[in-house]
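Computed from a predicted structure; not experimentally measured. Order of the sequence lines fixes the chain letters, A, B, ..., with proteins taken first and strands second; residue numbering starts at 1 for each chain.
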Amino acid sequence: MSVIKPRTPTGTLELLPLDQIAFQDLLDTIRRNYERYGFLPVETPAFELSEVLLTKSGGETERQVYFVQSTGSLKQGDAPELALRFDLTVPLARYVAEHEHALSFPFRRYQIQRVYRGESAQRGRFREFYQCDIDIVGKDELSVRYDAELVAVIASIFDELAVGPFLIQLNNRKLMRGFFERLGIADAEQQTLVLREVDKLDKRGADYVRRTLAGEGFGLAEAAIEAILGFVSKRSGSLAEARAMLGELGGGNAQLEAGITELGEVLDMLEGLGVPESRYALNFSIARGLDYYTGTVYETTLTEHPGIGSVCSGGRYDNLASHYTRSKLPGVGISIGASRLYWQLREAGLIGSAESTVQVLVTQMDPKLMPEYLKLARELRTAGINAEMVMDAGKLGKQLKYADKAGIRFAVILGEDELARGAVMVKDLRKQEQFETPRGELIKALRVEIEQAIALGELRRRGKAS
RNA sequence: GUGGAUGUAGCUCAGGGGUAGAGCAUCGGAUUGUGGCUCCGAGUGUCGCGGGUUCGAAUCCCGUCUUCCACCCCA
């Protein structure tokens, strides 16, 4: 009989249990912070109607969309009416438009789900991956103060992830467009093209951008190019510097002035929100690729790992759901690509395998004592301690080996000797220590051990809070 | 979609016209209440797929697929 080689399609991330636990810990941290800042959970279907998803046909998105089709429909040669979502923003727009009357505005939702993109796989880039989005959608209006609030959320998450220093870089599309307009680049399309090139500054360097802007398709005058480069090369190192950067821009047109005002308001909020100055900076080269951003744009990087690139990005959009409703729904949102983030952090050695979610293994020393083992396991579980029981008799050595390989930190051992003494043995496989405790104090003793390990950062809190 | 590379045991790879190897991993054992170290033993491959050259191909040639890297785009 021929067997099929078991393998996952390229561009998918499939993990072993201990790595999956580490990944889920990452998602949990993100989710916890989203909820802490008052965002509500939403899930939408993995696939949407094609007509809903592909509002803007042509271009990059359509090239990357996976269509979904039943075999029956495929045989009939019908065009697929379903497609897998490629981000969470388009489904959000549909969701808000569809449930507009049942939602409270400003609507704050978080969504942690997988999205699909049919692109060729590369390092840390997947065809199926998790996005963790938050968006705040207003009705008719939404204050830029919300734009500042998102900075606080990002800072809170990356602080808690403890992956070293990070920088949330801020910019504003109006400010950029206004600046280009002042230089005589008035056409919106042309501005978009310049935005896209300028965004590559930190990756490709000033010379690359200079050459591109002077080349065909742009052909900008040297003075304009130098003005642009001088503008986009600026970075703030502190709040005072950020304010000075805005102050030096001067005015000249409504867009530029609006951008300066908006960014200024965002800066004014950050201190009160408790975001340290070291966590954010203005960077006038940040543009983001998506063309629906109209105001604030965000891009977060890990200072000590520039190679990882952006770990969280997003921005403000004027009218989220114009394709689905006549209501004006402005919003602001950010997204964390969790699969890529996890993968990159692991590559950089910033994240390892976790310990098992199983906290204690109840070993089976003597099959005759099975009723005792069952009782022990029940006690542990009732106390909120995650416990696994060995059901098959076998050598104790093998059972401990199993616990070790499975990443289980503690083993409980009970044989004739302990039973006679009314005691039970607790073994810490990591510390290579064991101690005997009176049977009645097992739970207390284990809790102390577990809390200690959590305090040392060796374990994460599992099971119900005790 | 464009350009470049790759493909040999579960993994990392060596070999290079005469029919396949190492390390790691896996499993078993080292006197029946204690894991990660050590020692002993065991198994596995249509050498990516198809065709050609040859007495003979994993090894040379052609095609094809796959995976990877860069561009594009993005998380």
| Does any donor-acceptor pair link the side chain of A:Arg125 with the base of B:C73 at a separation under 3.5 Å? | yes
| message | Quick check: any donor-acceptor pair below 3.5 Å linking the side-chain of A:Gln399 to the base of B:G33? | response | no
| remark: Testing B:A75, B:C68, B:C71 for proximity to the side chain of A:Thr10, the answer is B:C68
| remark: The nucleotide from B:U34, B:C72, B:G35 with an atom nearest the side chain of A:Gln434 is B:U34
What is the pairing partner of [N], taking Watson-Crick or G-U wobble pairs with both distances under 3.5 Å in any strand?
| N | answer |
| --- | --- |
| B:U64 | B:G48 |
| B:C71 | B:G1 |
| B:A22 | B:U12 |
| B:U38 | B:A30 |

| said: Could you check whether A:Arg279 makes a cation-pi contact with A:Phe166, meaning its NZ or CZ is under 6.0 Å from the centre of the six-membered ring and within 45° of the ring axis? | reply: yes
Determine: side-chain N/O of [X] to OP1/OP2 of [N], distance under 4.0 Å, yes or no.
| X | N | answer |
| --- | --- | --- |
| A:Lys395 | B:A30 | yes |
| A:Arg288 | B:A75 | yes |
| A:Arg117 | B:C72 | no |

| query | Mind checking the C1' distance from B:A25 to B:G3? Whole angstroms is fine. | reply | 38 Å
| query | How far apart are the C-alpha atoms of A:Gln111 and A:Thr44, what are their side-chain angles, what is the distance that settles it, and do they pass the side-chain hydrogen bond (donor to acceptor under 3.5 Å, both in side chains) test? | reply | CA-CA 8 Å; A:Gln111 189 169 354; A:Thr44 63; 2.9 Å; yes
| field | A:Met389 versus A:Arg381, closest heavy-atom pair with distance | value | N-NH2, 4.0 Å
